[in-house]
Protein chains: 4
Amino acid sequence: MALPSPLSGVVPPLCTPLTPSGDIDTRSLAALVEHVLTAGATAVFALGSSGETAYLSDAQRRTALRATVDTVAGRVPVLAGVIDMTTARVLDQARAAAALGADALVATVPFYSHPHPTEAATHFRRVRDGVDLPLLAYDIPSAVHTKLAAATVLALAEDGTLAGLKDSSGDGGALRRLLVALRGRGLADTFSVLTGSELTVDAALLAGAHGVVPGLGNVDPAAYVRLYGHARAGRWTEAAAEQDRLAALFALTETGDPAAMGGSSSALGGFKAALHLLGVIDCPATAAPQTPLPDSAVRSVRRYLEEGGLL
Amino acid sequence: MALPSPLSGVVPPLCTPLTPSGDIDTRSLAALVEHVLTAGATAVFALGSSGETAYLSDAQRRTALRATVDTVAGRVPVLAGVIDMTTARVLDQARAAAALGADALVATVPFYSHPHPTEAATHFRRVRDGVDLPLLAYDIPSAVHTKLAAATVLALAEDGTLAGLKDSSGDGGALRRLLVALRGRGLADTFSVLTGSELTVDAALLAGAHGVVPGLGNVDPAAYVRLYGHARAGRWTEAAAEQDRLAALFALTETGDPAAMGGSSSALGGFKAALHLLGVIDCPATAAPQTPLPDSAVRSVRRYLEEGGLL
Amino acid sequence: MALPSPLSGVVPPLCTPLTPSGDIDTRSLAALVEHVLTAGATAVFALGSSGETAYLSDAQRRTALRATVDTVAGRVPVLAGVIDMTTARVLDQARAAAALGADALVATVPFYSHPHPTEAATHFRRVRDGVDLPLLAYDIPSAVHTKLAAATVLALAEDGTLAGLKDSSGDGGALRRLLVALRGRGLADTFSVLTGSELTVDAALLAGAHGVVPGLGNVDPAAYVRLYGHARAGRWTEAAAEQDRLAALFALTETGDPAAMGGSSSALGGFKAALHLLGVIDCPATAAPQTPLPDSAVRSVRRYLEEGGLL
Amino acid sequence: MALPSPLSGVVPPLCTPLTPSGDIDTRSLAALVEHVLTAGATAVFALGSSGETAYLSDAQRRTALRATVDTVAGRVPVLAGVIDMTTARVLDQARAAAALGADALVATVPFYSHPHPTEAATHFRRVRDGVDLPLLAYDIPSAVHTKLAAATVLALAEDGTLAGLKDSSGDGGALRRLLVALRGRGLADTFSVLTGSELTVDAALLAGAHGVVPGLGNVDPAAYVRLYGHARAGRWTEAAAEQDRLAALFALTETGDPAAMGGSSSALGGFKAALHLLGVIDCPATAAPQTPLPDSAVRSVRRYLEEGGLL
């Protein structure tokens with residue numbers, strides 16, 4: 001299906017449920033899709049960072065995307081992450097995603113190597129030229145160690161290479177300046193700006209962002225939909241209160257102690273433990289080589305869910 | 001004078017005007033103080049990063065602080081930056097600032113060395129114990145290369161070591177979580193949280209911050225006062241519009257091309273060029289070893305002021 | 001063929017020649033293999049960073065590795081880089097490399113996500129368990145943003161998971177301490193330590209490293225073989241003189257101006273321009289999205305080759 | 001006294017002994033000076049990073065430097081660190097050091113702010129113009145977060161601004177290229193290059209460095225003098241063996257567990273605990289806000305000294 005222009009609303013970056021033996025649990029994935037669609041998600045983002053995409057083999061990526069597309073069944077657009085080290089590999093991922101029915105692609109700049117802004121622009125242009133699907137840039141310097149320059153985004157927005165941006169840079173000031181610049185170029189109504197900063201969604205929407213891709217939206221998509229609704233209606237105080245509640249709930253990402261077990265094991269383990277406790281997925285396992293959450297951490301996740309009114 | 005609890009509103013981090021020969025220009029500094037007080041500043045912050053404090057000798061710091069205190073003359077509180085490498089030196093700066101009549105102190109964690117959170121806490125406790133003035137922590141990892149941990153801030157807020165925080169970390173998510181945690185501990189009404197992120201002030205106020213310390217507020221303090229007023233009155237759309245205008249004006253910090261001359265030379269040079277063009281200060285010189293803005297950059301600053309309706 | 005224990009000598013990380021249209025140029029790759037074997041390389045390392053592995057599709061990786069194995073034809077061991085984001089993907093790369101006849105594997109820690117040391121150890125253990133080939137860890141924090149901890153290397157050396165280390169961390173002090181620790185555990189004669197720091201090879205050999213994996217060794221493998229020979233014979237002054245000559249030659253990696261075009265485009269472009277000027281490969285093209293070296297830079301490469309006595 | 005051109009040999013960066021109440025212990029400092037001079041130090045470096053300079057007040061710096069100059073009494077040159085945030089402050093430190101009888105100055109680039117190379121060059125030129133003493137640049141990016149560019153060092157060496165470089169960057173490849181470039185410009189015999197990387201001194205000397213400024217040289221200066229002597233005599237294997245022994249001894253910097261108490265507390269605490277156990281200084285206290293070494297760590301320091309044959 002065609003991607004709305006701009007895409008707006010709540011677009012959960014789906015977790016990828018696994019079986020105890022580490023295979024993709026397509027039944028649980030389907031349940032997770034229903035969980036977020038029922039809550040009011042306007043699209044889903046498969047194979048993002050929250051989906052442990054970095055940890056999945058190509059075959060697992062395909063299985064997960066196919067299951068997502070099948071379950072969504074055209075109700076909303078499916079964005080597919082095509083996260084890989086550089087252009088040729090992203091193109092391969094993009095072709096696979098297109099063949100499986102993705103409605104749009106989300107790509108980072110190259111990583112491992114460190115791209116110059118000129119190389120970053122060439123990268124996105126080649127990906128867009130190679131696969132005929134709307135392309136969003138995924139700005140996530142915490143993972144790829146390059147901040148996408150505003151000038152690059154603006155040039156690629158103006159020439160139609162990019163349909164939008166998923167901004168997980170955490171740099172609210174840069175996002176503000178980009179939104180102002182897009183407006184100055186008449187692009188604000190068509191170029192989708194989605195924030196991946198799940199703790200400042202009210203701020204991003206106030207600044208003019210169109211939507212949000214919240215990892216925590218796997219656990220409580222309804223809250224993000226309420227937040228978004230308040231913001232769109234101009235009920236900023238209510239939006240902020242909902243955001244505050246979600247900021248408290250976010251503590252479930254740190255129950256494993258990031259210093260002791262790694263940030264990804266703790267955060268993604270927290271999301272999956274919560275989804276398991278909520279009965280959405282069958283098994284809370286994360287992909288190797290992540291360390292499983294200890295029982296004490298799972299008990300803390302339960303407590304945060306209870307305090308958040310979800311259990 | 002006593003620091004309000006919490007301190008709120010617009011607290012400009014004053015630039016430090018220099019003469020062409022590099023001395024403190026106390027006449028221009030006094031004019032700058034009047035410029036921001038007339039606009040409605042609720043306090044002033046002398047000797048912060050925007051004040052080129054890192055570039056000033058101890059004697060220059062004293063001259064600048066004395067002139068500030070004299071000009072303010074008790075109309076609003078004067079916060080004094082006591083920025084130095086570590087505890088013993090910050091204590092010396094703090095004693096000097098107290099002797100000159102500062103109403104509160106603002107200190108970073110130690111830099112050059114890299115403090116452990118335990119060392120950071122010891123640092124603030126020793127500074128607070130050594131000089132009897134309210135103490136605010138200045139979280140500015142771009143300069144000091146350590147992010148102040150939320151747990152440290154909370155512990156020092158609870159035991160009364162810190163009266164507040166100036167958050168220039170740019171990490172809106174962490175700020176949100178801190179504000180929620182302060183509220184949970186009943187500290188939100190007394191512990192001052194001021195954002196130094198001048199491009200996301202509406203967001204910080206929506207999240208519960210009490211005020212803002214905007215470098216750009218040297219140039220256009222009235223706009224920040226309007227922004228603050230809109231926010232306090234719940235006029236969030238108007239607050240955002242004012243913030244957008246300021247985000248456009250912020251381009252005056254980059255006219256010198258940060259890559260070609262250094263970020264500080266370009267940004268502080270831009271502030272001072274603007275103040276000079278506005279007739280507030282007599283000379284736009286920045287302290288050595290910064291590189292002066294080229295004429296072409298000054299013309300760009302003029303254009304941004306004109307586009308912003310300030311000239 | 002079995003990997004020597006320890007592997008020592010000069011192990012060039014082969015560039016991957018491309019045709020003008022971007023395909024693997026297997027004829028030129030074979031010529032490059034002969035170029036380094038004739039010079040006295042003791043093994044070759046296919047699909048490393050110098051091989052633009054990050055830029056190649058899976059199919060291109062397979063083509064390049066197959067051509068390397070075929071050309072080498074058992075004369076020396078072929079090490080294969082299995083560089084990918086995380087365990088499952090590295091396992092897929094490792095199985096492919098094993099099927100193509102690689103004699104040993106070289107893997108980094110996971111990247112994109114940031115592994116905890118425990119996760120890094122789990123990663124290498126799973127890769128070693130999954131494919132029955134000697135495994136070397138590739139410590140390259142400039143690309144993967146994690147420094148492999150000495151304790152992790154030592155544990156994995158002791159339990160036999162790792163057969164060796166390719167150290168491209170540039171941290172000579174850490175390398176020294178590791179070598180001393182390996183000796184203390186009786187592992188120095190079997191665990192291969194190869195430095196990837198091509199400008200301090202004499203130092204690494206003096207400290208006890210067994211060999212070197214020099215990117216610049218594509219261009220001048222004979223010089224590295226001479227350097228190695230001097231070092232093994234205790235002719236340290238001669239070794240240093242050869243290293244100095246290579247340090248001067250290394251300027252060919254910066255002719256493109258890393259700030260203007262990106263470090264990878266400049267460095268890998270420099271290697272390939274040199275190989276083209278030397279008549280080893282047919283086309284100096286680098287993989288997309290890298291920017292081609294401008295003609296002026298190629299002229300500088302020529303000059304450095306002439307000054308180095310290679311042209 | 002005049003600084004040798006080039007300065008060579010072993011130049012310990014003196015620890016600054018404190019009394020239990022935190023004052024400068026001039027008696028212990030004098031004993032430490034004798035400890036290193038007896039061992040054969042060719043100069044001493046007061047107020048460096050190992051001297052906890054970042055932690056000392058201006059008054060304490062003066063006390064320590066005065067005591068050092070008095071004790072040395074002209075037997076060797078005294079280099080004085082003038083570590084401060086930027087030009088004006090470094091000039092104040094430099095004037096104070098000159099007045100107290102320092103023979104040469106050692107300055108970093110500005111920190112807190114991030115200098116552009118042009119600003120860094122201006123900085124050193126102003127410091128050199130302001131105080132008539134030989135000036136060495138101190139390249140220590142781990143503390144000041146800027147790597148001194150080779151082009152800047154070369155320009156300042158050629159125009160006589162700098163008399164030398166203390167390289168604590170840990171970047172052996174960059175050091176190698178700098179040494180080769182200095183030789184190409186005919187500067188290698190007059191411009192002093194001293195490495196601060198105490199674990200790779202043999203390598204630096206083999207590459208052409210003139211001397212070493214080893215923090216660990218406070219504890220075992222005689223070993224560094226032996227290492228230096230072996231290197232100068234071309235006994236590289238013996239030099240490497242001595243370096244290996246020192247690399248093992250270096251473990252005394254980590255007994256406090258850097259992750260648990262901070263790297264500086266552990267390393268500087270380790271040096272001082274060792275000097276205390278060796279009977280050189282009266283009290284192992286480090287400056288606030290550092291955390292004291294726990295007793296268990298002190299026992300480990302004792303063990304390393306015993307294993308190293310020093311106790």
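Throughout, protein chains are lettered first and strands after them, A, B, ... in sequence-line order, and every chain is numbered starting at 1. Here the structure is a predicted model, which means the values were calculated and not measured. The analysis underlying the following values was restricted to heavy atoms, covering all of them including side chains, and did not include hydrogens, waters or symmetry mates.
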Side chain, backbone, both or neither: which part of D/Pro110 has a non-hydrogen atom closer than 4.5 Å to chain B?
-> side chain
Heavy atoms, side chains only, cut-off 4.5 Å: are B/Thr118 and D/Met261 in contact?
-> no
Relative to chain D, which segment of B/Ala120 carries a heavy atom at a distance below 4.5 Å: side chain, backbone, both, or neither?
-> neither
Which residues, numbered in order, of residues 52-68 of chain B come under 4.5 angstrom of chain D by heavy-atom distance?
-> B/Ala54, B/Tyr55, B/Leu56, B/Ser57, B/Asp58, B/Gln60, B/Arg61
Partners of D/Ala121 by side-chain contact (heavy atoms from CB on, under 4.5 Å), sequence neighbours excluded?
-> D/Arg125, D/Thr152, D/Leu156
Which bit of D/Ala287 is near chain B, if near means a heavy-atom gap under 4.5 Å: side chain, backbone, both or neither?
-> neither
Could you have a look at D/Val144, D/Leu91, D/Asp84, D/Thr108 and say which one has the most heavy-atom pairs with chain B under 4.5 angstrom?
-> D/Asp84
Heavy-atom distances under 4.5 Å only: say whether B/Ser142 touches chain D with side chain, backbone, both or neither.
-> backbone
Considering all heavy atoms of both residues, which atom of B/Pro289 and which atom of D/Thr87 are nearest to each other, and what is their separation?
-> CD-OG1, 3.0 Å
Could you tell me whether the side chain of D/His114 and the main chain of B/Gly262 form a donor-acceptor pair under 3.5 Å?
-> no
Answer key: most heavy-atom pairs under 4.5 Å with chain D among B/Ala143, B/Ala88, B/Pro258 is B/Ala143
Quick one: OG on D/Ser265 to CD on B/Glu119, what's the gap to the nearest 0.5 Å?
-> 3.5 Å
Do the rings of D/Phe111 and B/Tyr112 sit parallel, tilted or perpendicular, given the 30° and 60° boundaries?
-> tilted
Give the intermediate values and the outcome of side-chain contact (heavy atoms from CB on, under 4.5 Å) for residues D/Thr122 and B/Gln290.
-> CA-CA 8 Å; D/Thr122 299; B/Gln290 292 171 95; over 6 Å; no
Do any of residues 15-27 of chain B come closer than 4.5 Å to chain D, heavy atom to heavy atom, and if so which ones, in number order?
-> none
Chain D contacts: which residues in residues 132-141 of chain B have a non-hydrogen atom closer than 4.5 Å to it?
-> B/Tyr138, B/Ile140
